[in-house]
Amino acid sequence: MSLSDLTNFVHPQPIYSVDVDGTDITNTLQGRLISLSLTDNRGFEADQIDISLDDTDGKLDLPARGATLRCWIGWKHSGLVYKGSYTIDEVSHSGTPDTLTIRGRSADLRTGLTTQRERSWHDVTLGDILETLADENDLTPAINATLAGQYIEHIDQTNESAVNLMTRLAKQFDAIATVKNGMLLFIPAAGGLSASGVVLPTVTITRESGDQHNFSIADRETYTGVKATYNDVQLAVKGEVTWGKDENSAENNEPVTAESTPTTGQYKALEKVHKSRDAALKAAKLEWKKMQKNKAAKAAYIGTKAKFNDRNLGQEGEVTYREGTDDGKAEAKDETPKVSQSADNIKTLRHVYANKSNALRAARAEWRKLQRGVATFTITLARGRPELFPELPATVSGWKPAIDSTDWIVSKVTHNLSDSGFTTGLELEIKATEVAEEE
């Protein structure tokens, strides 16, 4: 670098702006800021801001708890980025030297969202439920279209807050539910999509921009499947379902490896309700024949089943067509078979679901989550990037090939600004590129 380059070089300068209840207090903080930390979480884990100030002269006033604090951070050469509003819920003063610490959490998690209610939902879509919750809390719904159309036969909200219900639905549909900037967001987990379905821009991170990093990987075969139980009061049926490697392979039309477990004991359910028992059995039989052309499907299921509602005879039920039965002597049974799993290490979900479809959906979502969580990567960027937020896709380079070749998603962002500079800490997890969407 020449002498002229050194003369013209301007060291990047971090900047910030803070207001409390609409009053700009940035000038008051100048020369007093010890540290400012912002943590941007996914889901309903509240975002948090911590500000530590030098009060050795004793001239700082304690802010009122419950006041709304807004914050912007950035660099002088590129400008400020708005980082949200927070409710001040904790103020502390310590010494010596005297230090004032202010802590705030997401202002969007308002009282109505945490108020418990009791009601039931029948024959609705996921979008119907979320739009109702948004309307009740004066929020604008921003729901991924694919998720919004998911059908829910029955779900209970029993002494449960809107936050708890949305968190439960997010787990069931492998999604992220959160409230930010007056919007109720419900998007696919680790999918790299906005609520409108637009692909979010990919963040590129090189080793040169990193200060510290930590990569860890666990055995994704720790669990061979996920089991969920259900109690369908309307049909007076209890049971359990599983979802694992074979079911996932069948869903995605992937070849079955030789070491795959041959069957899970699970029947593939047909959606259509037929007008007679014979019609249901015929449909189950035809579907099973089609499945023989797909090795993965054949390995994942031991048979097919179909529902019927015969109004002439006043009968309704379900028939199954089993693997290995003779075409002319297939036995129909008006019962839901209990699912068994031959593998030993099955993760069992604690919640008892309202019906079989909800249970299967939850088991499938948990399985996907387990597959994403086998590898984690944390990086501290030497130069802070205020524009980053959770759910952005990320690519990295300069580390090991196994790390660089992985599709990542940002799961947590922590910005730290102080006299020593401005850094950004990132937590990454595997992007859910291998997960097929519902038809």
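The structure presented is a predicted model; accordingly, all values stated were derived computationally and were not measured. We're numbering straight along the sequence, starting at 1.
- Here the two rings, on W75 and F422, have centers that are under 6.0 Å apart.
- Looking at T167 and L165, their side chains never come closer than 4.5 Å, going by heavy atoms from C-beta outward.
- Here the closest heavy-atom approach between residue M183 and residue A142 is recorded as CE-CB, 3.5 Å.
- Listed by first and then second residue, the ring-ring contact (aromatic ring centres under 6.0 Å, His included) pairs involving residues 123-170 are H122-H154 (not counting sequence neighbours).
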Step by step, work out the ring pair (Phe, Tyr, Trp, His ring centres under 6.0 Å) result for W72 and Y16. CA-CA 5 Å; W72 294 255; Y16 62 90; over 10 Å; no
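- Distance NE2/H415 to CG/L381: 9.5 Å, rounded to 0.5 Å.
- Residues L69 and S85 fail the side-chain proximity criterion, which asks for heavy atoms closer than 4.5 Å.
- Checked options V413, T380, T414; the residue passing with L426 is V413 (criterion: side-chain contact (heavy atoms from CB on, under 4.5 Å)).
- At least one side-chain heavy atom of L36 sits under 4.5 Å from a side-chain heavy atom of L38.
- Shown here for A363 and A228, the closest heavy-atom pair between the two residues is CB-CB, 4.2 Å.
- Residues P12 and R383 have side chains in contact (heavy-atom distance under 4.5 Å, counting atoms from C-beta outward).
- The heavy-atom pair separating S17 from L80 by the smallest distance is CB-CD1, 3.8 Å.
- Among all heavy-atom pairs drawn from T229 and A359, the shortest one is O-CB, 4.0 Å.
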Between W408 and F377, is the ring pair (Phe, Tyr, Trp, His ring centres under 6.0 Å) condition met? List the steps. CA-CA 9 Å; W408 298 99; F377 191 31; 5.7 Å; yes
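- Nearest heavy-atom pair across G398 and R207 is O-CD, 3.3 Å.
- Few gaps surround CZ on R119; more than 12 heavy atoms of other groups in view lie less than 6.0 Å from it.
- The two residues N137 and A162 come nearest to each other via the heavy atoms ND2-CB, 4.4 Å.
- Rounding to the nearest 0.5 Å places CG of D128 at 12.5 Å from CD of Q150.
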Does the pair I155 and L169 meet the rule for a side-chain contact (heavy atoms from CB on, under 4.5 Å), with working shown? CA-CA 10 Å; I155 191 170; L169 288 169; 3.6 Å; yes
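- One distance of note links NZ of K275 with CG of N309; it measures 11.0 Å at 0.5 Å rounding.
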Check step by step if side-chain contact (heavy atoms from CB on, under 4.5 Å) holds for T158 and Q116. CA-CA 8 Å; T158 307; Q116 293 185 340; over 6 Å; no
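- The distance from the CD1 atom of I102 to the CG atom of D50 is 10.0 Å, given to the nearest 0.5 Å.
- Within the 4.5 Å cutoff, the side chain of L270 has heavy atoms near those of the T304 side chain.
- Note: L185 CG to I143 CD1 = 9.5 Å, rounded to the nearest 0.5 Å.
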Verdict with reasoning, L53 to L33, per side-chain contact (heavy atoms from CB on, under 4.5 Å): CA-CA 5 Å; L53 303 169; L33 183 69; 4.0 Å; yes
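- Side-chain contact between D47 and T39: absent, with no pair of heavy atoms (C-beta onward) separated by less than 4.5 Å.
- Ring pair H351/Y353: centre-to-centre distance below 6.0 Å.
- Note on R117 versus E136: salt bridge recorded, some NZ/NE/NH1/NH2 to OD/OE distance being below 4.0 Å.
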Go through the steps to decide whether F173 and I152 satisfy the test side-chain contact (heavy atoms from CB on, under 4.5 Å), and finish with yes or no. CA-CA 11 Å; F173 287 91; I152 295 178; 4.0 Å; yes
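- Between L392 and I409, the closest side-chain pair of non-hydrogen atoms is not below 4.5 Å.
- Residues V91 and P63 meet the side-chain proximity criterion, which asks for heavy atoms closer than 4.5 Å.
- One finds the CD1 atom of I49 at 8.5 Å from the CD1 atom of I73 (value rounded to the nearest 0.5 Å).
- Ion pairing between a basic and an acidic side chain is recognised when a charged N comes within 4.0 Å of a carboxylate O; K268 and E287 show such pairing.
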